[in-house]
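A quick write-up on the structure given underneath.
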Amino acid sequence: MMPRPPLVFIIAGEESGDLLGANLMRSLKEKFGGAVRFQGVGGHRMAAEGLASLFPMEEVVLHGITEALARWPQLLARIRQTAQAVIAAAPDVLVLVDCPGFNLRVGKIVGRLNPSLPIVDYVSPSVWAYFPGRARKMARYVDQLLAILPFEPRVHRELGGPPTTYVGHPLIERLGTLRPATGERQPVATTVRPVLLVLPGSRRSEIRRLMPTFGQTISLVAASAGPVEVVLPAVPRLIDEIRTLAAAWPVQPAIVSGEEATYEALRRAHAALAASGTVTLELALSGVPTIVAYRLDPLLSLLKPLLKAHSIVLPNLILGRNAVPEFLDRAASPERLSAALLPLLRETPERERQLAAFSELDRIMTLEHGTPSSAATDIVVAAMRRRTDLSGNT
């Protein structure tokens with residue numbers, strides 16, 4: 001009798017996790033010649049790779065503590081439902097992709113009910129920023145942690161976390177999309193109308209908090225710097241709200257939407273004003289000097305004294321120093337943001353310092369062998385083999 005194809009139960013809870021999950025699924029299918037099955041929770045990218053989601057992924061996405069408290073009963077029901085589905089499926093491995101508020105609770109339940117099931121967590125929670133005690137708690141049920149930031153294995157060793165391997169950030173596989181072709185980004189010294197990218201976030205709550213401030217900032221920049229081409233990439237599901245908020249701006253941006261248009265704007269941009277998030281690393285890898293602003297959820301701001309990290313900006317965390325200026329809460333005023341942004345729109349020492357720092361990221365983040373997806377796949381397959389002999393399937 002032929003051995004059954006291995007079953008991977010994989011759970012993602014946000015757009016970034018859906019992309020990571022889809023890449024991993026594709027790589028696993030290549031590893032097993034297509035003879036691998038999937039169950040779990042995911043979005044449209046994972047569905048395209050063959051996942052029938054247990055329920056819509058959006059139901060586990062929470063935007064801030066306020067929303068989490070309001071939706072806690074529904075979220076708790078989904079956590080229990082998902083954990084029960086894992087136990088019933090009896091997979092060869094459980095892969096938790098990001099979304100720690102949901103996924104780690106599922107993993108904890110599954111680890112208690114079936115201690116022999118290997119659990120792989122893909123993307124570390126920010127134990128280096130908040131609640132470092134989570135690392136030791138995770139070690140009780142997570143067998144392997146796949147880190148996408150190069151300093152995280154050291155952090156988990158120091159905190160007593162699970163075995164952790166840096167598998168590379170998924171953006172490493174997209175450098176061709178991020179970086180401009182010859183002539184695509186005009187030299188800032190000779191351009192008459194520099195391109196300023198404005199990125200207020202991908203969540204409704206952060207967009208509402210930042211859009212008025214960003215509009216005032218752009219007005220001050222234009223008044224000092226002269227003509228500026230302002231481009232605002234919008235999340236498709238929030239584009240109507242973004243248009244409404246941007247209508248009040250003194251300087252009207254060109255609003256674009258969709259992945260292709262967003263990356264085209266990124267490759268043309270000379271500078272950026274952005275909310276904190278993965279986009280700051282995209283900008284750094286693309287070579288776009290950036291100013292970062294963020295306003296916390298009112299309840300989350302109460303936790304600010306507990307912040308352990310020196311920065312909330314990914315390039316700064318990877319570099320180990322604050323190369324990208326960041327402004328949090330009250331510090332994110334239009335006056336301070338515009339003053340920091342203006343030097344980035346022309347040839348200045350401030351601009352050159354950022355570009356020099358960004359050149360270091362390749363050296364720090366590059367893997368010696370393979371890609372992030374292949375490195376993650378190797379660890380997931382190794383975890384599966386510890387449960388059952390799959391050597392005849394590879």
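Residue numbers start at 1 and run along the sequence shown. Worth knowing before you read on, the calculation uses all heavy atoms, side chains too, and leaves out hydrogens, waters and symmetry mates. Bear in mind that the values here come from a model prediction, so they are computed numbers and not experimental data.
Atom CE of M25 and atom CD of E49 lie 6.0 Å apart (nearest 0.5 Å). The CG atom of D329 lies 10.0 Å from the OH atom of Y294; values are rounded to the nearest 0.5 Å.
Taking a 6.0 Å sphere around CZ of R336, one finds it holds 12 or fewer heavy atoms contributed by other residues, nucleotides or ligands. By the neighbour-count criterion of 12 heavy atoms within 6.0 Å, atom NZ of K29 is densely surrounded, having more than that number from other residues, nucleotides or ligands. Atom CD of E184 sits in a crowded spot, with more than 12 heavy atoms from other residues, nucleotides or ligands closer than 6.0 Å.
For R45 and E15, the salt-bridge test passes: some basic side-chain N is under 4.0 Å from an acidic carboxylate O. Salt bridge status for E241 with R208: present, with a side-chain N to carboxylate O gap under 4.0 Å. One finds a salt bridge joining E360 and R321 here, because a Lys/Arg side-chain nitrogen approaches an Asp/Glu carboxylate oxygen to under 4.0 Å. Look at D121 and R134 and you find no salt bridge, because none of the NZ, NE, NH1 or NH2 atoms lies under 4.0 Å from a carboxylate O.
For the side chain to side chain contact (heavy atoms under 4.5 Å, CB included) criterion with V221, the lone passing option out of L342, L344, L273 is L342.
T191 and H270 share no side-chain donor-acceptor pair at under 3.5 Å. Counted by atom type alone, E152 and Y166 present zero donor-acceptor pairs between their side chains at under 3.5 Å.
Put simply, the side chain of V110 does not reach to within 4.5 Å of the side chain of F9, judged on heavy atoms.
With hydrogens and angles ignored, the 3.5 Å screen pairs no side-chain donor or acceptor of S27 with any backbone N or O of N23.
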